[in-house]
Amino acid sequence: LKQTKHTQIMVLYSSDTTNNNSNSNNDGTHNWMGHKQQGSAYYQREHYEEALASFRAALNPDFTVPCPRAEKQIILSNIVACRLKIGGLPQAEAAVEDAKQCIALNPQWSKGHVRLATAYIALGNHSNDA
């Protein structure tokens with residue numbers, strides 16, 4: 001059986017679902033993938049603060065199987081999107097920092113740069129630093 005990155009993630013995900021660590025609860029959010037899925041569901045329902053909390057929880061480094069790097073950049077991008085939907089100066093400032101972390105993980109991923117530019121626009125800083 002040929003194993004790809006996707007199947008490796010799924011294998012890691014399934015092995016983590018049996019873990020009874022302190023991050024466990026009854027709604028399926030006992031690992032990074034459960035939190036990511038929950039965040040996506042909240043975002044689709046326009047519950048941006050709950051989505052933000054779920055996406056941030058997905059980055060918890062204490063999970064038995066931490067979030068893979070490729071997924072982390074996507075989750076950070078989702079966090080930026082939530083912060084921009086919530087709005088306000090503190091969220092825009094935090095969105096800039098989260099977008100910078102996203103870009104640091106993969107500078108080639110254009111969506112991270114778009115998120116950073118959008119966060120700068122939300123701040124009113126139409127800067128070439130983006």
Side-chain angles (χ1 to χ4, degrees):
L1 179 67
K2 183 177 177 183
Q3 195 173 37
T4 64
K5 283 186 179 180
H6 184 266
T7 55
Q8 288 174 341
I9 290 172
M10 292 309 295
V11 168
L12 293 174
Y13 169 71
S14 26
S15 67
D16 193 44
T17 60
T18 59
N19 182 18
N20 290 326
N21 65 23
S22 61
N23 297 317
S24 199
N25 60 33
N26 292 330
D27 64 1
T29 56
H30 50 275
N31 59 48
W32 68 268
M33 192 176 286
H35 284 289
K36 181 184 176 196
Q37 290 169 344
Q38 185 180 56
S40 295
Y42 279 132
Y43 191 90
Q44 289 173 352
R45 291 192 310 263
E46 299 180 5
H47 295 268
Y48 302 118
E49 292 195 16
E50 292 87 348
L52 175 61
S54 292
F55 288 132
R56 290 188 65 200
L59 299 179
N60 183 343
D62 294 332
F63 287 127
T64 303
V65 178
C67 180
R69 186 178 181 95
E71 289 292 328
K72 187 174 182 179
Q73 76 185 36
I74 293 167
I75 293 168
L76 283 165
S77 174
N78 292 345
I79 288 170
V80 173
C82 290
R83 290 187 184 286
L84 296 174
K85 289 286 190 177
I86 293 167
L89 183 60
Q91 291 293 345
E93 290 171 341
V96 167
E97 295 308 312
D98 290 330
K100 286 178 180 180
Q101 288 180 39
C102 179
I103 290 169
L105 288 171
N106 183 356
Q108 312 319 336
W109 194 45
S110 60
K111 190 171 188 175
H113 293 277
V114 170
R115 293 284 198 224
L116 180 59
T118 306
Y120 273 126
I121 291 168
L123 278 176
N125 295 336
H126 301 278
S127 169
N128 288 332
D129 294 343

What is the minimum heavy-atom distance between Gly39 and Ala51, and which atoms define it?
->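 Reported closest heavy-atom pair: O-CB, 3.4 Å.
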How close do Asn60 and Asp62 get, heavy atom to heavy atom, and via which atoms?
->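 What the structure gives for the nearest pair is OD1-N, 2.7 Å.
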Verify the cluster assignment for [X] and [Y]: are they in a single hydrophobic cluster under the rule of side-chain heavy atoms below 4.5 Å apart?
X      : Y      : result
Leu105 : Met33  : yes
Ile103 : Tyr120 : yes
Leu116 : Leu123 : yes

[atom1]-[atom2] distance between [X] and [Y], expressed to the nearest 0.5 angstrom:
X      : Y     : atom1 : atom2 : value
Gln101 : Lys72 : CD    : NZ    : 6.5 Å
Asn31  : Gln37 : CG    : CD    : 8.0 Å
His35  : Phe55 : NE2   : CZ    : 12.0 Å

Determine whether the aromatic ring centres of Tyr42 and Tyr48 lie less than 6.0 Å apart.
->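 So the answer is no for these two rings.
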Listing, residues 75-97 side-chain donor-acceptor contacts under 3.5 Å, not counting sequence neighbours, or none:
residue: Ser77; atom: OG; partner: Arg115; partner atom: NE; Å: 2.8
residue: Arg83; atom: NE; partner: Asp98; partner atom: OD2; Å: 2.6
residue: Arg83; atom: NH1; partner: Gln91; partner atom: OE1; Å: 2.8

Does some side-chain heavy atom of Cys102 sit less than 4.5 Å from a side-chain heavy atom of Trp109?
->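 Counting from C-beta outward, Trp109 and Cys102 do come under 4.5 Å.
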Go through the structure and list residues passing side chain to side chain donor-acceptor pair (under 3.5 Å) with Lys100, not counting sequence neighbours.
->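 With sequence neighbours excluded, Lys100 shows a side chain to side chain donor-acceptor pair (under 3.5 Å) to no residue whatsoever.
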Could you tell me whether the side chain of His113 and the main chain of Gln108 form a donor-acceptor pair under 3.5 Å?
->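 Here the side-chain-to-backbone pair does not exist.
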